[in-house]
Amino acid sequence: MKINLRDPNIVMKLSKLGSFHQSKLSFLRSFLKEFKDWKYSRDLFELDENGYGRAVYSFKKDNRTYSMVCFANQLNDDERSDRVIATKWDAAFVLHDGTPTKKDLDRLNENVPKQEIGRLSYKELTLSRANKSVRVFDHVVDSLANGKQPDKNILSKVGYLYRTTAVYGSGKFGLADRFRIKNRKEIYGPFRLEMMLVYLIRQFTFDQVNHIAKCNNPRKSVELDKDICRNLGIGNSTGLGMAPFIINHPTLLNNWILARETALKKIREIKEVKIRDSKNFFKCLKKSIKNITSWHTDSEFQQKKIKELLNDLNKFILFLEKEFNFDQDYPFNAIYLWSENNLCDESIEYIVSMMMEPYDDIITPLINQMSSEEEKYFNIPTSKTVNDLKNILENKYTNILKIDFSKKESNQNFWFISKNKLEPRVANRYIEDGSNLEEPLAIARDIKKLYERLSNQKNILLIGKFLIENNDLRHIVRRAFLIEKFPYSEIQDNTIGSNLIPIDMLRLKLSFFGALKFDPKSDKWLRICMFQGAPLPTELKNIDDQWIYNSLN
Amino acid sequence: MRTLSEIDMTSKRACKAMGFPWGIAEEVGKNMRILEMFGLPGIRNLNQYFKNYKNQHFQIISLIAKSNVSPKIPYCPIVLGTNFLDQISILEELNEIKFNNVAYPLIFLPFVSRASEIIGKKIHLKLDENNFLLCFNNYIYSNNSISNIIDNCKNLDIKFIENQDSFTENEWNELYQLSENTFLEETDSLKQTAAGAGLSDND
């Protein structure tokens, strides 16, 4: 039986994309799998009794070394901010390409704690900073210093000791451009080095609490229990900075979604599912419920989604146990169709993620296809005709062409870059000034405008000639030709409409990262947790690929 | 040192800030990345061009012909370059194209370099006394080392180079014969047993 890929007009709606969950394709999971046989070591650990100082951790294999260099600093409580606009952090981190020399460490010491206003070199790959979750951090240190393990209830509410507020890579602030490293096989999957940095930060947080506790009370202190360590992740606060990313990298977005859709298609096409695989699917599904029940958020929007998800999954489990039989042809297709008819988007996408769990053979090859050589697709095929372009718009942007942009609510928002903070922002164009400096992120509006403009042209006119008078739409012509080759490259929704929920865009990206426990703090920023349940670096050799469901809290 | 990613982004935004549309600004961002990667002073020239842009008139060209002359007002290298790129499939047939009076011609150069990649032909570009060989946007060879601002070019000539060998057939054969010394002459036994395919296709 041949199953079609799901329709981009449905999959690429923002509400759908905002319902995605982590899966076997997620970058933090594929990173751990790729680096499981690399040699991990803590090469330097020079912290004072308060935990301030520097440390170096590395992964090595053959002639390659990646070193995370950490600088932990004193920070007053009133200086601690989640926002990307902060200027001081509890700790700052960089991933250095190779083993840093003393000279490198001194240079990094001068620059890494400054983050955006510091300057890195081509020898550095990714940059980050993090703040303590103070209530958890202090509780853990105090407990360990007194010879006790921390209260798991307190830990479970937060899930981490530190949270990062940004992770930078690819040419930012002097970091190496991607072209310098793109041919390294171990980083073929996207965001591998960002994931490595975050993972090593997590280990630093454990070492730091152990160190401070020992300094506070050398005789009585104990080390943080390894099971507890495994159940702690690393937090992250994410704002609008991520939202334009998925619009500005259309081929990359396509490759992420296409991998997911291809996986789903192939799984639905499996005629006979082995008992081992159906059991694996069911086991992951049941274990994963723990991740949902321990998902704490104050956001009513998210609480509603979690409640709906939990109800749906219980309904689904009941269906599997009472009504469903895997001993039928194409059982995963039947499951998918049942979920489409009975469950909400959040739950459908959750089950899609679960369906991937038994199938290493399907997923592993797809992971290497999730990067993109974006430069290759930059040129506009100007020898094509107006008719070619019109056909693309009519076939690939069907829903977008139906949006009525003469309505005020369809144009309500505009995206801009804050001059003060160099960060993307979104504002109401009818209330705020500044829409003349709008970023080119209103794709739906501009597609509609392009279609109207093309309708007044002769069909045989070459695009090269059309552009002579219409270069104001050049950016959108480029995108429209991309979607011909990359069907999932475009969000099929209005990114400036009054009903826009920007965190849907963040959620999409974070789900591909492998984040858990989305905790929206408004419609524009949220907190998440990464690597909760993950093995420690010394345990990677025997990694259980489904570690993400082992979390106890 | 600024990264190529920063060069691309900042050039793009500066170009937009000068009043060019986003789509053209994207082209300029990519072009500055190319120039700086090849060691040519893209940022320096672009910066100077933008300083003059508001106070000076630049000629806008739409359809490019075999000979393009603007005696008084120099051509804008960005509009010229964009149109050159957009019309390349037609321009290629002209074999040679001449422009007279082009402002900041180094800004125009990466458009031609990218055109070379699109049509799959090397392009010879002459900016007054400076000669460039643009090879499929992979290499740029120049007879001069250029690190300064070139604010104008009186004569800009473009020649499309047909794909042909740079060596004689005899030179090729001599080299080929040498390479044959790495092959093994097959014995009858090897002919029978060493090939993977069948000896006959008539089955």
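The chains referred to below are lettered A, B, ... by the order of the sequence lines, with proteins before strands, and numbering in each begins at 1.
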Where on [X] is there a heavy atom nearer than 4.5 Å to chain A: the side chain, the backbone, both, or neither?
X: S62(B); answer: both
X: I118(B); answer: side chain
X: I90(B); answer: side chain

Measure [X] against the heavy atoms of chain B and call it side chain, backbone, both or neither at under 4.5 Å.
X: K465(A); result: side chain
X: I476(A); result: neither
X: F179(A); result: side chain
X: L462(A); result: side chain
X: R119(A); result: side chain

What residue, out of [options], has the most heavy-atom pairs lying under 4.5 Å from chain B?
options: I463(A), D177(A), T382(A); value: D177(A)
options: N471(A), D472(A), I417(A); value: N471(A)
options: R178(A), E439(A), R180(A); value: E439(A)

* **Steps toward side chain to side chain donor-acceptor pair (under 3.5 Å) verdict (E6(B), T3(B))** => CA-CA 5 Å; E6(B) 289 169 321; T3(B) 64; 3.2 Å; yes
* Asked: So does K66(B) have more than 12 non-hydrogen atoms from other groups sitting under 6.0 Å from NZ?
  ->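 More than 12 heavy atoms, drawn from other residues, nucleotides or ligands, come within 6.0 Å of this atom.
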* Crowding at OH, Y176(B) (>12 non-hydrogen neighbours, <6.0 Å) ->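 No, not enclosed.
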* Can you tell which of S89(B), P21(B), A17(B) has the highest number of heavy-atom pairs within less than 4.5 Å of chain A? ->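 Most heavy-atom pairs within the cutoff with chain A belong to P21(B).
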* Based on non-hydrogen pairs under 4.5 Å, which of E117(B), R114(B), R2(B), E27(B) is most in contact with chain A? ->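 Between E117(B), R114(B), R2(B), E27(B), the count favours E27(B).
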* Just wondering, do L253(A) and S489(A) contact through their side chains at under 4.5 Å, heavy atoms? ->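 S489(A) does not reach L253(A) side chain to side chain.
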* **Residues E484(A), K396(A): salt bridge by 4.0 Å N-O rule** =>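 Salt bridge between E484(A) and K396(A), a charged N being under 4.0 Å from a carboxylate O: no.
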* Do D8(B) and R33(B) meet the salt-bridge criterion of a basic N to acidic O distance under 4.0 Å? ->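 Looking at R33(B) and D8(B), the cut-off is met.
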* **Heavy-atom pair of closest approach, residues A65(B) and L94(B)** =>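 In this case the closest contact between A65(B) and L94(B) is C-CD1, 4.1 Å.
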* Ring centres under 6.0 angstrom apart (F486(A), Y377(A)) ->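 Centroid distance F486(A)-Y377(A): below 6.0 Å, so yes.
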* Can you tell which of N83(B), N152(B), N100(B), N68(B) makes a side chain to side chain contact (heavy atoms under 4.5 Å, CB included) with Y75(B)? ->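 Among N83(B), N152(B), N100(B), N68(B), the one that satisfies the side chain to side chain contact (heavy atoms under 4.5 Å, CB included) with Y75(B) is N68(B).
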